[in-house]
Amino acid sequence: MDNATFTNPILPGFYPDPSICRVDDDYYLVTSTFAYFPGVPIFHSRDLIHWEQIGNILDRDSQLPLAGADVSQGIFAPTLRYHDGTFYMITTNVSSALGNFFVTATDPAGPWSDPYPLGSEGIDPSLFFDDDGTCWYCGTKPRREGARYFGDNEIYIQKLDLETKQLTGESYPAWHGALRQVEWPEGPHIYKKDGWYYLLISEAGTAHHHAVSVARSKSLTEPFEGCKGNPVLTHRHLGFHYPIVNVGHPDIVQTPNGEWWMVLLASRPYGGYCRNLGRETFLVPFCWEDGWPVINPGKGIVEAAGPAPALPLAITRDVPAREDFDGNSLPLHMMYLRNPVAENYSLTAKTGFLSLRCAGDTISSDGAPSYVCLRQRHFSFRFETALDFAPADADEQAGIVILQNTSYHYTCLAGTDGSTTVVTVVKTENGEAEQVGKTVLDAPCRSLLLRLDADGQDLSFSLSGGDGKYTTIAEKLDGRMLCTDAAGGFVGNTIGIYATANGKESRTFAAFDYIEYTGA
């Protein structure tokens, strides 16, 4: 049975910078995670449409140090490749001394090795294995002759010795991008086809002017020549109101039946030019004409739907809407902000609950807040949790958060004033906190249901004591500040549960019975 059509994005929500590789009939894909832990989720598919997460490549502190990282720092642009029985994932940790490094595994689900740091300049490293088995490193850095402006980069190539795990020999400048005075030629990938080496990159930044360009050469040590049709893909000419924007950062794969497909990032704005979901993973077909790629022939754009790959339909397990915390570990799609402090989390302290210690670090800090989250994947959604909490003083709070970054977020937190339960909603915009809702309850914080409803860019917070009746705490809050256009950076929103002592030391835990996320 073959698929008839597919819909984009194939990975909705904060899944940017996709990289893909094929091993026989299996496809594997990774994306960036920035300052979230664990890092670099890896997905498996057999039809390029339905993807199931099988692991997180960087799941140990030794692989992924994130102390003090800004939300949009950490892990940039991974590349996934397979060669001679081994998987390679190479990336940049811009927040640590690791810089550019790679890890390896024989099973894509892991375990993956500790990092092999390379000491190379720049970001966005990629690997290419030539026909003779030689491994080549391809990266991005400022022009060696001197950058004339911020973002005046070169794409460069150098051999990687797989025995010593180090770069060796001369570094060759390959290309500077397609357009004159182009900014940020980056995200390079090398492929070989019909005797040509192809260099596929993005340029003009990862926002509205993002574009895909391609060049080729007969040799990896000589300059590449750009395609006369560059950029081969962009949506910048379609305007700010087109439903898919910012397309770029591609990687390509060929199916066994000869079809060619490109994965790439793009964003879906809503409520104006607001990209709360961040950069998502999309799929688009292409073919080769006169030695160059033609993207989505006859249309030249990324569409919301289209004819599916001619591959057998694959059935994968969807991420469940509800997590009851009955297992001995968190699901693969859940994350922490930076490296979690192990003693701040427990799945055994209260059976069937996830317990979070009221840590001193807050969600607005660059520390390690007690925060477990998932990605926003829909324009409209509902997120709910059940909280069991006995705060010792007014500094201890627990509840739910929708986070763009440390300076832009909403919190709905329960606490105490000594005799009653106080639930407050706080908007933090540009680092300034403002209380926008408050409810006082005579009952303790036991079996307290907290809910966030998003109707597009209108956000509402409500609570229930478990009787099925909900009281609104704050409504019609503007979600537009929770997008990169307002807040800056490169990430999409996350939504999660959180406990804090607001800068003080505490041994108090807040227990969460479940979380439930449903898209509308």
Side-chain angles (χ1 to χ4, degrees), residues 319-331 333-337 340 344-359 363 369-378 380-392 396-403 409-416 420-426 437-454 459-475 493-501 506 508-520:
V319 173
R322 181 178 171 118
E323 171 56 38
D324 286 310
F325 302 122
D326 293 328
N328 55 14
S329 61
L330 293 180
H333 66 281
M334 290 188 179
M335 304 179 294
Y336 308 89
L337 181 58
N344 290 350
Y345 304 88
S346 176
L347 285 163
T348 58
K350 184 175 176 63
T351 303
F353 287 70
L354 173 59
S355 298
L356 274 60
R357 185 169 73 90
C358 294
I363 202 71
S370 293
Y371 179 57
V372 172
C373 62
L374 43 77
R375 297 161 176 85
Q376 179 185 341
R377 304 191 306 276
H378 303 81
S380 299
F381 64 88
R382 171 172 289 171
F383 179 83
E384 183 177 278
T385 190
L387 172 64
D388 188 341
F389 184 38
E396 297 175 348
Q397 296 178 292
I400 58 179
V401 177
I402 180 167
L403 178 75
H409 52 265
Y410 285 98
T411 61
C412 177
L413 304 180
T416 183
T420 60
T421 294
V422 180
V423 183
T424 57
V425 175
V426 173
K438 179 179 178 180
T439 296
V440 179
L441 303 174
D442 292 331
C445 304
R446 300 296 174 118
S447 300
L448 184 65
L449 304 183
L450 298 176
R451 177 181 285 181
L452 164 61
D453 284 293
L459 307 181
S460 299
F461 291 92
S462 56
L463 63 82
S464 172
D467 58 1
K469 298 178 181 179
Y470 281 81
T471 300
T472 299
I473 315 168
E475 62 182 339
N493 288 341
T494 59
I495 313 158
I497 51 178
Y498 166 62
T500 182
S506 171
T508 300
F509 278 77
F512 296 86
D513 188 15
Y514 67 86
I515 59 172
E516 187 171 46
Y517 173 95
T518 52

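Computed from a prediction, not measured in an experiment: that's the story for all the values here.
Annotation: the span from Phe325 atom CZ to Ser346 atom OG amounts to 12.0 Å, rounded to 0.5 Å. We find the CG-CZ distance between Leu347 and Phe353 to be 12.0 Å, quoted to the nearest 0.5 Å. Once rounded to the nearest 0.5 Å, the distance linking CG of Asp326 with OH of Tyr514 reads 13.5 Å. Atom SG of Cys373 is separated from atom CZ of Arg375 by 8.0 Å, given to the nearest 0.5 angstrom. Note that CD1 of Ile363 is 15.5 Å distant from OH of Tyr410, once rounded to the nearest 0.5 Å. Note: Leu387 CG to Ser447 OG = 9.0 Å, rounded to the nearest 0.5 Å.
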side-chain contact (heavy atoms from CB on, under 4.5 Å) between Asp513 and Asp388, worked out: CA-CA 8 Å; Asp513 188 15; Asp388 188 341; over 6 Å; no
Intermediate values then yes/no, side-chain contact (heavy atoms from CB on, under 4.5 Å), Leu448 and Leu441: CA-CA 10 Å; Leu448 184 65; Leu441 303 174; 3.8 Å; yes
Verdict with reasoning, Glu323 to Leu374, per side-chain contact (heavy atoms from CB on, under 4.5 Å): CA-CA 11 Å; Glu323 171 56 38; Leu374 43 77; over 6 Å; no
side-chain contact (heavy atoms from CB on, under 4.5 Å) between Ile402 and Phe381, worked out: CA-CA 12 Å; Ile402 180 167; Phe381 64 88; 4.0 Å; yes
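Few gaps surround CG on Asp467; more than 12 heavy atoms of other groups in view lie less than 6.0 Å from it.
Residues satisfying the ring pair (Phe, Tyr, Trp, His ring centres under 6.0 Å) criterion with Tyr345, sequence neighbours excluded, are Tyr336. Partners of Glu384 according to the salt bridge (Lys or Arg N to Asp or Glu O under 4.0 Å) rule, which considers only residues two or more places apart in sequence or in another chain, are Arg451.
With Thr385 contributing its side chain and Ile515 its backbone, the two residues share no donor-acceptor pair below 3.5 Å. Using modelled atom types, no side-chain atom of Thr439 and backbone atom of Val423 make a donor-acceptor pair closer than 3.5 Å.
For the residue pair Ala398 and Phe389, the shortest heavy atom distance occurs at N-CE2, 3.6 Å. Closest approach of Gly415 and Pro391 over heavy atoms only: C-CG, 4.0 Å. What you find for His378 and Tyr517 is that their closest heavy atoms are ND1-OH, 2.9 Å. The shortest non-hydrogen separation linking Ala390 to Thr508 is O-CG2, 3.8 Å. The two residues Gly399 and Leu450 make their nearest non-hydrogen contact at CA-CD1, 3.6 Å. The minimum heavy-atom distance linking Ser370 with Asn344 is given by the pair OG-CB, 3.6 Å.
Taking the side chain as every heavy atom from C-beta outward, Cys412 and Ile473 approach each other to under 4.5 Å. Residues Ile495 and Ile400 fail the side-chain proximity criterion, which asks for heavy atoms closer than 4.5 Å.
Results of the side chain to side chain contact (heavy atoms under 4.5 Å, CB included) test with Tyr371 over Leu356, Leu403, Thr500 single out Leu403 as the only residue that passes.
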